[in-house]
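Single-structure report; data block below.
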Amino acid sequence: MKTEELSDTDFQTLAGFRRALREFTHFSEQAAEAAGLTPQQHQALLAIRAERGMTVGELAERLLLRPHSVSGLADRLERLELIQRRPSAKDRRRTELDLTEVGKAKLQSLSEEHRAELRRLRPTLSGLLAEL
(Lines give C-alpha, C1' and ligand atoms only; values in the text may rest on other atoms or scores of the structure.)
Protein backbone atom coordinates (compact mmCIF):
# COMPACT_ATOMS: atom_id res chain seq x y z
CA MET A 1 0.00 0.00 0.00
CA LYS A 2 1.55 3.26 -1.11
CA THR A 3 1.12 6.32 1.06
CA GLU A 4 0.56 9.85 -0.11
CA GLU A 5 3.68 12.01 -0.09
CA LEU A 6 3.56 14.81 2.46
CA SER A 7 3.69 18.37 1.20
CA ASP A 8 5.60 21.31 2.62
CA THR A 9 2.31 22.50 4.10
CA ASP A 10 1.83 19.13 5.82
CA PHE A 11 5.24 19.41 7.45
CA GLN A 12 4.56 23.01 8.47
CA THR A 13 1.24 22.00 10.00
CA LEU A 14 2.79 19.09 11.91
CA ALA A 15 5.60 21.33 13.15
CA GLY A 16 3.09 23.96 14.23
CA PHE A 17 1.00 21.38 16.05
CA ARG A 18 4.05 20.00 17.87
CA ARG A 19 5.00 23.55 18.86
CA ALA A 20 1.52 24.29 20.21
CA LEU A 21 1.59 21.06 22.24
CA ARG A 22 5.03 21.96 23.59
CA GLU A 23 3.82 25.46 24.51
CA PHE A 24 0.97 23.93 26.49
CA THR A 25 3.28 21.41 28.14
CA HIS A 26 5.69 24.19 29.10
CA PHE A 27 2.81 26.26 30.50
CA SER A 28 1.58 23.24 32.46
CA GLU A 29 5.01 22.48 33.93
CA GLN A 30 5.46 26.11 35.00
CA ALA A 31 1.98 26.31 36.54
CA ALA A 32 2.51 23.09 38.51
CA GLU A 33 5.87 24.29 39.82
CA ALA A 34 4.38 27.67 40.78
CA ALA A 35 1.78 25.74 42.81
CA GLY A 36 4.53 23.80 44.59
CA LEU A 37 4.10 20.57 42.64
CA THR A 38 6.13 18.65 40.14
CA PRO A 39 4.45 18.13 36.77
CA GLN A 40 4.16 14.43 37.62
CA GLN A 41 2.44 15.18 40.94
CA HIS A 42 0.00 17.47 39.13
CA GLN A 43 -0.74 14.76 36.55
CA ALA A 44 -1.31 12.22 39.33
CA LEU A 45 -3.78 14.50 41.12
CA LEU A 46 -5.61 15.12 37.86
CA ALA A 47 -5.84 11.40 37.06
CA ILE A 48 -7.06 10.53 40.55
CA ARG A 49 -9.71 13.25 40.43
CA ALA A 50 -10.85 12.32 36.94
CA GLU A 51 -11.63 8.78 38.10
CA ARG A 52 -12.79 9.85 41.58
CA GLY A 53 -10.16 7.58 43.12
CA MET A 54 -7.99 4.74 41.90
CA THR A 55 -5.43 2.19 43.03
CA VAL A 56 -1.68 2.61 42.69
CA GLY A 57 -1.73 0.07 39.84
CA GLU A 58 -4.44 1.97 37.98
CA LEU A 59 -2.57 5.24 38.46
CA ALA A 60 0.62 3.60 37.18
CA GLU A 61 -1.23 2.57 34.01
CA ARG A 62 -2.64 6.07 33.56
CA LEU A 63 0.77 7.73 34.02
CA LEU A 64 2.62 5.08 31.98
CA LEU A 65 4.89 4.33 34.94
CA ARG A 66 5.81 1.26 36.95
CA PRO A 67 3.71 0.58 40.08
CA HIS A 68 6.71 0.88 42.43
CA SER A 69 7.47 4.37 41.03
CA VAL A 70 3.86 5.41 41.55
CA SER A 71 3.87 4.00 45.07
CA GLY A 72 6.69 6.43 45.93
CA LEU A 73 4.84 9.25 44.18
CA ALA A 74 1.72 8.43 46.22
CA ASP A 75 3.80 8.43 49.42
CA ARG A 76 5.06 11.95 48.62
CA LEU A 77 1.56 13.20 47.79
CA GLU A 78 0.27 11.71 51.02
CA ARG A 79 3.04 13.44 53.04
CA LEU A 80 2.00 16.72 51.36
CA GLU A 81 -1.57 15.94 52.52
CA LEU A 82 -2.84 16.09 48.94
CA ILE A 83 -4.10 12.49 48.80
CA GLN A 84 -5.19 9.83 51.23
CA ARG A 85 -5.27 6.07 51.06
CA ARG A 86 -8.49 4.29 51.94
CA PRO A 87 -9.84 0.76 51.67
CA SER A 88 -11.81 0.19 48.48
CA ALA A 89 -15.57 0.14 48.91
CA LYS A 90 -15.75 -2.59 46.23
CA ASP A 91 -12.93 -4.82 47.48
CA ARG A 92 -11.63 -4.34 51.03
CA ARG A 93 -8.33 -6.03 50.03
CA ARG A 94 -7.53 -3.09 47.74
CA THR A 95 -6.42 0.38 48.74
CA GLU A 96 -7.55 3.37 46.73
CA LEU A 97 -6.04 6.81 46.44
CA ASP A 98 -8.32 9.80 46.79
CA LEU A 99 -7.78 13.54 46.99
CA THR A 100 -7.95 15.36 50.30
CA GLU A 101 -9.69 18.72 50.57
CA VAL A 102 -6.26 20.39 50.25
CA GLY A 103 -5.54 18.33 47.13
CA LYS A 104 -8.93 19.19 45.64
CA ALA A 105 -8.39 22.92 46.22
CA LYS A 106 -4.90 22.89 44.70
CA LEU A 107 -6.10 20.91 41.69
CA GLN A 108 -9.13 23.18 41.22
CA SER A 109 -6.91 26.24 40.98
CA LEU A 110 -4.45 24.58 38.60
CA SER A 111 -7.25 23.22 36.44
CA GLU A 112 -8.84 26.65 36.09
CA GLU A 113 -5.49 27.99 34.85
CA HIS A 114 -5.11 25.08 32.42
CA ARG A 115 -8.60 25.47 31.05
CA ALA A 116 -7.96 29.17 30.41
CA GLU A 117 -4.71 28.36 28.60
CA LEU A 118 -6.41 25.72 26.45
CA ARG A 119 -9.12 28.21 25.56
CA ARG A 120 -6.39 30.65 24.54
CA LEU A 121 -4.78 27.96 22.36
CA ARG A 122 -8.07 26.68 20.91
CA PRO A 123 -8.00 28.75 17.68
CA THR A 124 -4.42 27.68 16.95
CA LEU A 125 -5.04 24.01 17.72
CA SER A 126 -8.36 23.93 15.85
CA GLY A 127 -6.80 25.53 12.79
CA LEU A 128 -3.89 23.12 12.80
CA LEU A 129 -6.13 20.09 13.26
CA ALA A 130 -8.35 21.26 10.39
CA GLU A 131 -5.26 21.38 8.17
CA LEU A 132 -4.45 17.74 8.88
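Count residues from 1 along the sequence. Computed from heavy atoms alone, side chains included, the values below leave out hydrogens, waters and symmetry copies.
Going from atom CG of Leu121 over to atom NE2 of His114 covers 11.0 Å, rounded to the nearest 0.5 Å. For the atom pair Leu59 CG and Gln43 CD, the distance stands at 9.0 Å (nearest 0.5 Å).
Using a 4.5 Å heavy-atom cutoff, the side chains of Glu33 and Pro39 are in contact. Side-chain contact between Thr55 and Thr95 is absent, with no heavy atoms from C-beta onward closer than 4.5 Å. Looking at Leu107 and Leu82, their side chains never come closer than 4.5 Å, going by heavy atoms from C-beta outward. Counting only heavy atoms from C-beta outward, the side chains of Leu45 and Leu110 never approach each other to under 4.5 Å.
With sequence neighbours excluded, the residues that form a side-chain hydrogen bond (donor to acceptor under 3.5 Å, both in side chains) with Ser7 are Asp10. Residues satisfying the side-chain hydrogen bond (donor to acceptor under 3.5 Å, both in side chains) criterion with His42, sequence neighbours excluded, are absent altogether. Among residues two or more places apart in sequence or in another chain, the salt bridge (charged side-chain N to carboxylate O under 4.0 Å, His left out) test is passed with Asp91 by Arg93. Every salt bridge (charged side-chain N to carboxylate O under 4.0 Å, His left out) that Glu78 has, sequence neighbours left out, goes to Arg85. Looking at residues two or more places apart in sequence or on another chain, you find no ring pair (Phe, Tyr, Trp, His ring centres under 6.0 Å) involving Phe17. Scored by the side chain to side chain contact (heavy atoms under 4.5 Å, CB included) test, Glu131 finds Thr9, Thr13 as partners (sequence neighbours excluded). For Arg86, the side-chain hydrogen bond (donor to acceptor under 3.5 Å, both in side chains) partners are Glu96, Asp98, not counting sequence neighbours. Contacts of Arg66 classified as side chain to side chain contact (heavy atoms under 4.5 Å, CB included), with partners at least two apart in sequence or in another chain: His68, Ser69. Not counting sequence neighbours, the partners of Arg62 by the side-chain hydrogen bond (donor to acceptor under 3.5 Å, both in side chains) test are Glu51. Here Glu101 pairs with Lys104 under the salt bridge (charged side-chain N to carboxylate O under 4.0 Å, His left out) rule; sequence neighbours left out. Residues that satisfy the salt bridge (charged side-chain N to carboxylate O under 4.0 Å, His left out) test with Arg115, not counting sequence neighbours, are absent from this structure. Judged as a side chain to side chain contact (heavy atoms under 4.5 Å, CB included), and not counting sequence neighbours, the contacts of Thr124 are Ala20, Leu128.
Environment of CZ in Arg49: sparse, with no more than 12 heavy atoms of neighbouring residues, nucleotides or ligands closer than 6.0 Å. Atom CD of Glu81 has 12 or fewer heavy atoms from other residues, nucleotides or ligands within 6.0 Å.
A salt bridge links Glu58 to Arg94: one of the charged nitrogens lies within less than 4.0 Å of a carboxylate oxygen.
No donor-acceptor distance shorter than 3.5 angstrom exists from the side chain of Ser28 to the backbone of Phe24, with no hydrogens or angles considered. Remark: the backbone N or O of Thr38 is paired with a side-chain donor or acceptor of Gln41 at under 3.5 angstrom. Looking at Ser71, its side chain never comes within 3.5 Å of a backbone N or O of Pro67 through a donor-acceptor pair. The main-chain N or O of Gly72 is found under 3.5 Å from a side-chain atom of Arg76 such that the two form a donor-acceptor pair.
Pairing each heavy atom of Gln84 with each of Thr100, the nearest pair is N-CG2, 4.0 Å. Shown here for Val70 and Ala60, the closest heavy-atom pair between the two residues is CG2-CA, 3.5 Å. Between Ile83 and Ala74, the shortest heavy-atom distance links the atoms CD1-O, 3.5 Å. When all heavy atoms are compared, the tightest approach of Arg92 to Ser88 is CD-O, 3.5 Å.
Connection of Phe27 to Leu37 is not established within any shared hydrophobic cluster, with ILVMFWY side chains joined at heavy-atom distances below 4.5 Å, either directly or through further cluster members. Taken together through direct or relayed side-chain contacts under 4.5 Å among Ile, Leu, Val, Met, Phe, Trp and Tyr, Val56 and Leu46 form part of one hydrophobic cluster.
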Tell me, with the steps shown, if Glu23 and Arg120 meet side-chain contact (heavy atoms from CB on, under 4.5 Å).
-> CA-CA 11 Å; Glu23 285 177 19; Arg120 186 187 72 76; 4.3 Å; yes
